[in-house]
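Throughout, a chain's letter reflects where its sequence line sits, starting with A, and its residues are numbered from 1. Here the structure is a predicted model, which means the values were calculated and not measured.
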There are 2 protein chains.
Amino acid sequence: MNKYAHSTRILVALDCIVFGFDGEALKLLLIKRNFEPEQGKWSLMGGFLEEEEDLEVATNRILYDLTGLKDIYFEEIKAFGKVNRDPVERTISICFFALINIDAHNQDSAKAQNAYWIDLKNRPDLIFDHNQMVDLALEKLRYKAALHPIGFELLPEKFTIPQLQKLYEAIYDSPLDRRNFSRKILSTNLLIDTGEKNQNSTTKKAILYQLNKEKYQSQFNAFHYFISDSMR
Amino acid sequence: MNKYAHSTRILVALDCIVFGFDGEALKLLLIKRNFEPEQGKWSLMGGFLEEEEDLEVATNRILYDLTGLKDIYFEEIKAFGKVNRDPVERTISICFFALINIDAHNQDSAKAQNAYWIDLKNRPDLIFDHNQMVDLALEKLRYKAALHPIGFELLPEKFTIPQLQKLYEAIYDSPLDRRNFSRKILSTNLLIDTGEKNQNSTTKKAILYQLNKEKYQSQFNAFHYFISDSMR
DNA sequence: TTTTAATTGTGTAAATATAACACAATTTTG
DNA sequence: CAAAATTGTGTTATATTTACACAATTAAAA
């Protein structure tokens, strides 16, 4: 059997929602398009699946081209497949979101793609069905972050508990109780006290922690609440 | 702009894990292939995405052809996209699972596809990456059913609490406490007492409930634990 | 007809987790 | 050295979860 008789072969795109956190708000790495179609408009970073390329390889390639980073945390969201979603040609898009440390990516890579960090709350209108993709990505991020400790992917190597809290507050767009949050996080035993303190602060300096990576790996699928308070 | 310059257009398949519940165990509706490739072997039900067909439309078509049912609950799992996953030709597969009432489907439709209900625990080896698909589907089903009341999709219109419990025990392959389960379920207020009793039983006849569909719709994304006990 | 076995429905107390809240310690600035 | 901002930790009330027991229903067996 050489090929399938079935005739409909179509373009497969990948589109990626890249989340970052600047210490205050959730950010998206968006493309100001300097190419057709829809030149001049905003879109997600994307690309086409190549002939001899595994889907995950393509995902990593696209993320690498945008950020200069490898081994980025990403998660598939959904395949978007409306017939006319792309006016140029029938294309299905496998959509995923990625979490990166905003300070660690390669600025030149981003510049080469004409990518900019945009506040999630001030995001411009995006082309095609990319707005829907972002909405769904945020929903999935919230869902996942409530059950698995993925927030760390958005922070630098060393971070403080107040920073982590601000991140979760940004993800859920709602305040958390400082004392309960701290207890909850520390009870997971996922954090290692580095002995250092955050020197950036203008008041009391917070303890810098780092992730216990072995524990993180092993507990990742333990599948329990990570947040608490009024998050449910 | 007429078409994208990019050349790689590939086949897009859809593959579906259909779950059912016979009152005792979880079942899969699997295809004994009487067509090439891999004739004689077992596989998931699948099909190719057509030229002018939305992805969701294709999903519904494939489910309809197999079961004769419309408006089936289904959920996308993941796109499988290894280069050589299908030895005949490069094909990506959008994989999803569906939940149906095992008694409600059209037997002739299943027969036409050469489909059989197989105990999840006794499932035969499947072609291509279909084993992986089933593994992932079960994982996602467990994940989702812990947080959202999707179990009802597998039961008849009217059902008893002991039936519902057996279903959850089958999904998680572990026993649940009868008293705690019952309280948990009833506290959701998702069940309406029909006033009838299950006549099939040889001992005490259990109350038949039906789903409060408005409440089910509105609470579906409330995103709280549905199960309890040692499930976490 | 009565007893037995299986199953269903409901209750209760202990343990655990969550929510709500208060105070002391640290650090820079004025 | 006082003031303002922020961090770390403790305590109590409430809610949820767990673990376990008993009474009621039904068909079949004695």
Roughly, in whole Å, what's the span from [atom1] in [X] to [atom2] in [N]?
X: B:Asp177; N: C:dG11; atom1: CG; atom2: P; result: 15 Å
X: A:Lys205; N: C:dT27; atom1: NZ; atom2: C1'; result: 6 Å
X: A:Asp193; N: D:dG8; atom1: CG; atom2: C1'; result: 12 Å
X: A:Leu164; N: D:dT7; atom1: CG; atom2: P; result: 13 Å
X: A:Ile161; N: D:dT6; atom1: CD1; atom2: C1'; result: 14 Å
X: A:Leu208; N: C:dT26; atom1: CG; atom2: C1'; result: 15 Å
X: A:Phe181; N: D:dT9; atom1: CZ; atom2: C1'; result: 16 Å
X: A:Leu186; N: D:dT7; atom1: CG; atom2: P; result: 14 Å

Between B:Ser201 and A:Thr202, the residue closer to the 5' end of DNA chain D by nearest nucleotide is A:Thr202
Please examine the side chains of B:Arg33 and B:Asn114, heavy atoms only from C-beta on, and report whether any two atoms are closer than 4.5 Å.
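Of all side-chain heavy-atom pairs linking B:Arg33 with B:Asn114, none is under 4.5 Å.
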Can you see if the side chain of A:Lys184 gets near the phosphate of C:dT18 - specifically, an N or O under 4.0 Å from OP1 or OP2?
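Checking C:dT18 against A:Lys184, a side-chain N or O does come within under 4.0 Å of OP1 or OP2.
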Using a cut-off of strictly less than 4.0 Å, decide whether A:Lys204 has a side-chain nitrogen or oxygen near OP1 or OP2 of C:dT28.
no
Quick note, B:Ala206 side chain, CB onward, closest among C:dA6, C:dG9, C:dT10 is C:dG9
Heavy atoms from other residues, nucleotides or ligands near OH of B:Tyr216 exceed 12 (cutoff 6.0 Å)
yes
Do other residues, nucleotides or ligands put more than 12 heavy atoms under 6.0 Å from A:Asp71 CG?
no
Regarding C:dA20, can its base be found pairing with the side chain of A:Arg179 as donor and acceptor, where the two atoms are less than 3.5 Å apart?
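Between C:dA20 and A:Arg179, which were checked side chain against base, a qualifying N/O pair under 3.5 Å is absent.
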Heavy-atom donor-acceptor pair, B:Arg183 side-chain to D:dT16 base, under 3.5 Å
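No such pair is found, so the answer is no.
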Any side-chain donor paired with an acceptor under 3.5 Å for B:Thr160 and B:Asn198?
no
Among side-chain atoms of B:Gln163 and B:Tyr209, is any donor-acceptor pair under 3.5 angstrom?
no
Let me spell it out: for each of B:Tyr209 and A:Gln199, pick the nucleotide of DNA chain C with the closest heavy atom. Which residue's pick is nearer the 5' end?
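Whichever sits nearer the 5' end wins; that is B:Tyr209.
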